[in-house]
Amino acid sequence: MLIGQDWCDAQSGERLDVENPANGEIFASIAAGGAAEIDAAVKVARKAFESAEWAKMRPIDRSRLLEQVALKIEAHADELALLESYDNGKPKHLAMMVDVPAAVEVFRYMAGWCTKIYGKTLPVSGDGRQYHAYTLRQPIGVVGAIVPWNYPLSMAAWKIASALAAGCTVVLKPSEVTSLTTLRLAELMLEAGVPPGVLNIVTGVGEKAGEALITHPDVDKIAFTGSTPVGKHILRSSANDLRRVSLELGGKSPTIIMPDADLDKAIPDAAMAIFFNSGQTCFAGSRLLCHESIYDDVIAGINEVARNLPIGPGQDANTMIGPVVNKKQRERIESYIKIGQEEGAEAISPDAELPGQGYFVKPTILSGATEQSRVFNEEIFGPVLAATKFSTEEEAIRLANKSRFGLGANLYCKNVKTAHKMAAAIHAGTVWINTYFVVDSAMPFGGFKESGIGREVGDEGVLMFTESKSVCALLDD
Ligand code: NAP
Ligand code: MG
């Protein structure tokens with residue numbers, strides 16, 4: 001773990017095994033921190049927050065520092081992608097394409113914000129006397145960041161880059177199953193010149209290290225990405241002292257294919273929107289809503305795409321579908337495939353042989369999943385697509401919105417008017433039109449309904465790490 005500039009073990013001496021999901025082998029171990037380490041890290045983060053070195057750093061110098069971090073990550077891209085692939089299972093070449101560039105870009109993007117966080121002057125009417133009123137945007141303080149295992153490096157980078165741009169300091173707890181790239185990132189950030197204490201990493205399990213972080217009295221804000229149940233738990237526990245909370249949670253995002261869609265594009269996109277990262281993406285297109293006139297062709301087309309996706313370990317250069325992250329997730333996903341069939345859906349998947357070892361799951365379509373079914377409503381978090389048909393635009397919108405989640409939606413439609421009307425009507429934090437998976441540092445990202453509270457990255461994402469203060473001065477005597 002990293003506390004200040006000290007790389008340390010847990011006081012208890014406890015460690016957690018790190019497993020390669022492609023073969024089940026234990027290849028590393030990490031320290032299992034708890035309340036003592038969280039407390040030490042929060043103290044160091046508070047001291048760094050108040051230090052002149054950090055608090056008075058010139059915005060332009062903070063900007064340069066974040067750019068240095070971006071350059072460091074870029075220089076170590078290959079190593080980080082490989083590490084992510086061993087730890088999480090994902091194909092290394094895809095981590096090189098998605099996870100690592102996302103981390104680089106958010107530091108580069110947020111470097112620009114360091115010099116652009118400012119308030120406004122306010123035309124107060126008051127009682128007729130003359131006032132000078134303005135707002136200040138001030139860093140919130142010590143941030144407790146908690147991230148999941150599906151995009152470990154990029155999710156950590158999103159939170160750290162935004163918080164540091166705003167002038168906060170961070171204690172981050174990665175997922176117990178994927179802590180390695182976060183630890184390496186922290187090492188690279190120290191090398192890049194980030195002052196010790198500004199970023200601290202405490203590894204350990206959610207119930208101990210995570211719980212200690214969300215309840216620590218000296219943490220000003222919790223920035224969380226993970227499951228909806230844990231997000232709700234964090235919100236409840238924040239009620240005691242009203243600490244600031246932002247939540248990026250689960251989803252059940254629809255891919256909607258309208259009758260006029262370009263199917264040569266919509267079919268491969270719909271397939272990759274659910275099968276990429278073995279379906280372990282919060283905004284995965286896990287529900288297919290397809291117009292009845294093209295439904296059979298689309299289902300056959302998606303299965304054909306799936307048939308051509310090589311399944312294997314993440315270190316093979318041609319693998320497109322790696323293992324899921326662990327045994328527990330594989331069992332969960334398999335149980336959902338059974339549930340879907342019991343509920344009356346037809347399970348369609350390629351004939352492919354799965355590798356003998358490791359936690360692999362075949363890309364699967366559950367065709368004919370009804371809107372009442374569990375597989376249509378619950379987040380499966382695997383390469384499983386719940387597919388259903390609709391007959392009118394109104395029905396497509398109704399089905400899209402018939403979810404307690406509202407993270408994303410992919411809409412395939414040639415008619416520009418229909419597309420924009422539907423985009424406005426869909427309850428989701430992001431709507432992609434004739435594209436999918438475009439997640440960008442400049443585009444605020446987050447969820448409606450039970451998919452979360454707040455927006456990460458973009459202008460909204462950096463301001464989420466600030467408090468707004470109104471200052472009002474009387475100018476008359
Ligand atoms: P999770 O179980 O909620 O875990 C997320 C993080 O919270 C992990 O670091 C976990 O630690 C920690 N945690 C667990 N219990 C805690 C507690 N009581 N107090 C504090 N922290 C605690 O979710 P996951 O299974 O890792 O990730 C999958 C979920 O994340 C999916 O639902 C997915 O949709 C969602 N997700 C959302 C977004 C988004 O931006 N909206 C992005 C990615 C993922 P341990 O790992 O040690 O248990
Ligand atoms: Mg856990």
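All heavy atoms count here, side chains included; hydrogens, waters and symmetry mates do not. Whatever order the structure lists ligands and atoms in, that order sets their numbers, starting from 1.
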Check: Glu211 N/O within less than 3.5 Å of ligand 1 N/O: yes
Are Ile348 and Thr364 packed together at the side-chain level, in the sense that at least one heavy-atom pair is separated by less than 4.5 angstrom? no
Min side-chain heavy-atom separation Val147-Phe224 under 4.5 Å: no
Determine whether Glu331 and Lys328 make a side-chain contact, defined as any pair of heavy atoms from C-beta on separated by less than 4.5 Å. no
Within reach of ligand 1, part of Glu456 (heavy-atom separation under 4.0 Å): neither
With atom 7 (O) of ligand 1 as the reference point, say which of Phe283, Trp158, Phe224 has the nearest heavy atom. Phe224
Should Cys168 and Lys221 count as side-chain neighbours, where that means a heavy-atom distance under 4.5 Å? no
Could you tell me, atom by atom, which parts of ligand 1 come under 4.0 Å of a heavy atom of Pro148? 26 (O), 27 (O), 43 (C), 44 (C)
Working note: Arg184 + Glu187, criterion salt bridge (Lys or Arg N to Asp or Glu O under 4.0 Å); need CA distance, chi angles, decisive distance, verdict. CA-CA 5 Å; Arg184 185 67 179 124; Glu187 205 168 38; 2.7 Å; yes
Could you check whether any heavy atom of Val177 sits closer than 4.0 Å to an atom of ligand 1, since that is the contact criterion I want to use? no
I'd like to check which ligand 1 atoms, numbered from 1 as shown, lie under 4.0 Å from a non-hydrogen atom of Val205. 47 (O)
As an exercise, identify every atom of ligand 1 less than 4.0 angstrom from a heavy atom of Gly210. 19 (N), 20 (C), 21 (N)
Lys173 N/O under 3.5 Å from ligand 1 N/O: yes
Glu467 and side-chain hydrogen bond (donor to acceptor under 3.5 Å, both in side chains): which single residue from Arg137, Arg244, Gln138 fits? Arg244
Atoms of ligand 1 close to Ile146 [distance to a heavy atom under 4.0 angstrom, numbered from 1]: 6 (C), 7 (O), 9 (O), 12 (C), 20 (C), 21 (N)
Is there a donor in the side chain of Glu19 and an acceptor in the side chain of Tyr359, or the other way round, less than 3.5 Å apart? yes
Under 4.0 Å from ligand 1, counting heavy atoms only, is it the side chain of Pro174, its backbone, both or neither? backbone
Geometry only, no angles: is Val147 polar-contacting ligand 1 at N/O separations under 3.5 Å? yes
Check: Asp220 and Arg46 side chains under 4.5 Å, non-hydrogen atoms: yes
Using distance alone, determine whether Asn150 and ligand 1 share an N or O pair under 3.5 Å. no
May I ask which of Thr203, Leu172, Thr225, Val230 has a heavy atom nearer to atom 5 (C) of ligand 1 than the others do? Thr225
The reported gap from CG in Leu288 to NZ in Lys389 (rounded to nearest 0.5 angstrom) is 11.5 Å
Ligand 1 atoms in contact with His233 (distance to a heavy atom under 4.0 Å): 18 (N)
Taking only heavy atoms of Leu407 into account, list the atoms of ligand 1 that are under 4.0 Å away from them. 41 (N)
Is any side-chain heavy atom of Asp459 closer than 4.5 Å to one of Pro444? yes
Considering only heavy atoms, which of Gly144, Gly429, Ser227, Ser175 lies nearest to atom 2 (O) of ligand 1? Ser227
Sub-4.0 Å atoms of ligand 1 with respect to non-hydrogen atoms of Phe445: 40 (O)
Within-shell test, Gly204 vs ligand 1, heavy atom, strictly < 4.0 Å: yes
Region of Tyr151 that comes within reach of ligand 1 [heavy atoms, distance under 4.0 Å]: neither
For atom 30 (O) of ligand 1, which of Ala209, Gly226, Ser154 has the closest heavy atom? Gly226
Answer yes or no: is there a side-chain heavy-atom contact under 4.5 Å between Gln372 and Glu343? no
Sub-6.0 Å ring centroid separation between Phe437 and Trp432: no
